[in-house]
Amino acid sequence: MEKNSATLNTIQREWWKEAIIYQIYPRSFKDGNGDGIGDLNGIITKLPYLKALGVDVLWLSPCFKSPNADNGYDVSDYEDIMDEFGTMADFDNLLHEVHELGMKLILDLVVNHSSDEHRWFKEARKSKDNPYREFYIWRDEPNDWISFFSGSAWTLDPLTRQYYLHLFVAKQPDLNWENPALRQEIYKMMRFWLDKGVDGFRMDVIPFLSKDTTFADFPAGRKNDLTYYANGPKIHEYLQEMNAEVLSRYDCLTVGEGFGVNAGQANLYVGKNRHELQMIYHFDHAVPRGEEHFITPAPEFNVVQLKAIFSKWDTALGDDGWQNIYWGNHDNPRVLSRFGDVGAYRIESAKMLATLLLTLRGTPSIYQGDELGMTNCPFENIQEYDDIQVKNAYQSLVLGQKKDASTFIKACNQIARDHARTPMQWTDAENAGFTEGKKSWLKLNPNYRYINAAQAQNDPNSVYHYCRVLIQFRKDNPVLVYGNYEDLLPDDPYLWAFRRSLEGFSLMIVANFCGEIQPFPLLSLVERTSLLIGNYNGEGIKDALRPYEVRVLSCWE
Ligand code: NOJ
Ligand code: CA
C-alpha cells in the first residue's frame with residue numbers, strides 16, 4: 001500500500017512514540033532453573049520469541065532484591081537482583097542479549113516506597129535522630145488515610161513510638177521526597193542502571209511522590225478516595241529535578257503509572273515543554289479494586305464509556321503530550337475476560353482488542369500472554385490466590401467483617417490481579433512448559449492445554465501471528481503513530497469506529513464489540529474502502545460486521 005512518508009519531514013519523530021512495549025512479569029514468564037519461579041535466565045531463552053513477535057521495548061516488572069511482600073514492588077536493595085531471579089551477571093547478560101537482538105529494556109522504578117527490609121528503613125527505625133530517619137515519613141498520630149491493601153496507612157513502630165506512612169502494606173514504607181538527601185540517592189541509583197545501558201523506566205505510582213505534609217484527614221467528600229494521594233504540591237518540582245539531574249542526560253524512555261491523574265492534569269506531566277516524563281498511562285478504564293469491590297465489583301465499562309474515555313484523553317493530550325495505551329497489565333484481570341469472549345469468539349475477540357491496542361494514538365504496551373489470548377483463571381478458593389491485596393481484603397472482609405466467603409471469591413474471580421499473573425503458557429506439556437520443576441509458584445490456567453505459544457506459533461490463524469502482522473503494519477504506517485484520532489460513532493452501543501489521519505492520508509478502524517452481527521452505517525458513506533487487515537478471512541458482509549469483527553481500512557471520500 002501507499003505509505004505516507006512524505007509527511008514524515010514535517011513531524012518530529014521520536015523512537016519512543018514508534019516503539020511497541022511488551023511487559024514481562026518476571027515471576028511468571030519463564031523458569032530457567034526448575035524452582036517454579038520465573039527468572040532472568042528463563043527470559044533470555046524466550047527473547048527470540050519476543051523478537052519474532054516484533055516488539056521493541058521490554059518492560060520488566062521489578063527484578064530488584066526484595067522480600068516479596070508485594071512481588072517485588074517492595075525493594076530492599078535497588079542496585080541488586082532478587083535472589084529468585086538470578087544474579088547481576090544474569091542481568092548484564094540479559095541486557096546484552098536484548099540489545100544484540102535490537103530491542104531495548106526498561107526497568108520498573110519503585111520509589112514511592114521501599115521495603116521495610118531496605119537498609120535505609122532498618123536504620124531509620126533505630127532512633128529518631130538516625131541519619132536515615134528523614135528518608136521516611138513519621139508522625140506522632142496517624143490521620144485517617146487508608147492503605148490500598150486494607151487497613152490504616154500508618155503503622156506504629158514500637159521502638160521509637162511513632163507511626164510511619166505506608167500507602168501500600170506495612171512492609172512498604174513511603175519514602176520522604178521532601179528530603180533532598182533521599183532524592184539524590186534515588187537519582188544516583190537511576191544513573192547506576194542507565195549507565196549500565198538500561199533504556200529507561202516505567203515509574204510506579206509516580207504521582208504519589210509528593211505528599212501534603214500537613215497530613216490532614218481526607219477532605220470532606222473525598223473520604224477513602226485513594227486518588228487523593230496523587231498530584232501533591234511538589235510533584236512537578238521533583239519530576240523536573242529528576243529530569244534535569246538524570247533523565248535529560250540519557251536517550252531513555254519514561255512512562256509514568258498515572259494513577260490519580262485525570263485527563264486535564266496529564267500534560268503537566270507529559271507536555272513537551274514540561275521536562276518531566278514522555279508519557280503516562282491513566283486508570284480511567286482500569287478495574288476499580290478498592291476493598292469494597294472485593295464484595296461488589298464495579299460494573300464493567302461498556303463500549304460507549306470506553307470510547308468516551310479514549311476520546312477525552314486523546315483530546316486532552318492533543319499535540320502536546322503523549323500516552324501509553326494498554327488493555328492489561330499485572331494489576332488488572334485479563335482483557336479478554338473483560339471485553340472479549342472467552343468462548344466461541346475467543347480468537348476473533350482477542351484479535352479485535354489487539355487491533356485497537358495497536359491502532360489507537362499512543363505507545364502501545366502488550367501484556368505478556370495477551371498475544372496468545374490468555375484468559376482469567378478459575379481460582380477456587382482463597383488458598384489458590386497469592387496476591388497480598390486479595391489476602392488482606394479477605395482478612396478484613398471475610399474474617400473481620402464476616403462477609404460471605406463465596407461472594408468474596410466470586411468477586412476475586414472477576415477483579416483479582418492474580419489472573420494476569422498465572423504463568424505464561426508456552427506448550428501443552430506439563431506445567432505449560434513454564435517450569436521443568438514439579439510445581440509453579442502460582443496456579444496455571446488449566447486452559448494451557450489449548451492456549452499456548454507452541455500452538456500459536458504453528459497456527460497461521462493464531463492471535464500471535466495476527467499481532468505479529470499488525471505490529472509490522474504499524475511500523476510501516478506512521479499514520480498510526482502520528483496521525484490524529486477521530487471517533488466516528490461515539491454513541492453507537494456496539495461499534496467502535498475511528499479514523500487516524502495524517503495530512504490527507506487516513507485509515508479507518510472499525511470494530512464490533514459484541515457477539516452478534518451489527519449493521520455498520522459508515523461503510524456506505526465512504527466512497528471507496530479497501531480492507532488492509534481484518535480478523536476474519538475474506539472481505540465479509542458489505543454493510544455489517546460479524547461478531548467481534550474488526551477491519552482496518554484505507555478510505556477515500
Ligand atoms: C503499582 C504496581 O503496579 C502494583 O503492582 C503495586 O502493588 C503498587 N504500585 C505498589 O508498588
Ligand atoms: Ca527459577
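For ligands, and for the atoms within them, numbers begin at 1 and follow the listed sequence. All values below were derived from every heavy atom in this structure, side-chain atoms included, with hydrogens, water molecules and symmetry-related copies excluded.
Counting just the N/O/S atoms of Asp35, the one with the shortest distance to the Ca ion (ligand 2) is named OD1. Among the heteroatoms counted here (N, O or S) of Asp39, OD2 is the one nearest to the Ca ion (ligand 2). As for Asp31, its N/O/S atom nearest the Ca ion (ligand 2) is the one called OD1.
Few gaps surround CD on Glu292; more than 12 heavy atoms of other groups in view lie less than 6.0 Å from it.
For ligand 1, the atoms closer than 4.0 angstrom to any heavy atom of Phe149 are 7 (O). Of all atoms in ligand 1, numbered sequentially from 1 with element shown, those under 4.0 Å from a heavy atom of His113 are 10 (C), 11 (O). Annotation for ligand 1: atoms under 4.0 Å from non-hydrogen atoms of Arg202 are 2 (C), 3 (O). Short contacts between ligand 1 and Arg417, defined as distances under 4.0 Å to a heavy atom of the residue, involve ligand atoms 4 (C), 5 (O), 6 (C), 7 (O).
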Checklist entry - Are Val75 and Ser66 close enough, and set up right, to give a side chain to side chain contact (heavy atoms under 4.5 Å, CB included), and what steps lead you there? => result CA-CA 5 Å; Val75 180; Ser66 166; 5.5 Å; no
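For the Ca ion (ligand 2), the N/O/S atoms of Ile37 include one lying under 3.0 Å. The Ca ion (ligand 2) has no N, O or S atom of Glu84 inside 3.0 Å of it. The nearest N, O or S atom of Asn33 is closer to the Ca ion (ligand 2) than 3.0 Å.
Checking Phe148, Trp145, Tyr228 one by one against Phe208, the ring pair (Phe, Tyr, Trp, His ring centres under 6.0 Å) holds for a single residue, Phe148. Looking at Arg183, Lys234, His275, His236 one by one, the single match for side chain to side chain donor-acceptor pair (under 3.5 Å) with Glu241 turns out to be Arg183.
The nearest non-hydrogen atom to atom 6 (C) of ligand 1, considering only Val110, Val169, Asp70, comes from Asp70. When the heavy atoms of Asp331, Asp387, Asn332 are ranked by distance to atom 4 (C) of ligand 1, first place goes to Asp331.
With contacts defined as side-chain heavy-atom distances shorter than 4.5 Å, the pair Val287/Pro333 qualifies.
Protein heavy atom in closest approach to atom 8 (C) of ligand 1: Phe168 CE2, 3.7 Å. In terms of protein heavy atoms, atom 1 (C) of ligand 1 is closest to Asp204 OD1, 2.9 Å.
The closest donor-acceptor contact from the side chain of Trp59 to the backbone of Leu105 lies at 3.5 Å or more, if one exists at all.
Ion pairing of Asp331 with Arg421 is present here, as a side-chain N (NZ or NE/NH1/NH2) and a carboxylate O approach within less than 4.0 Å.
The aromatic ring centroids of His285 and Phe310 lie less than 6.0 Å from each other.
With no hydrogens or angles considered, no side-chain donor-acceptor pair links Asp74 and Ser115 at under 3.5 Å.
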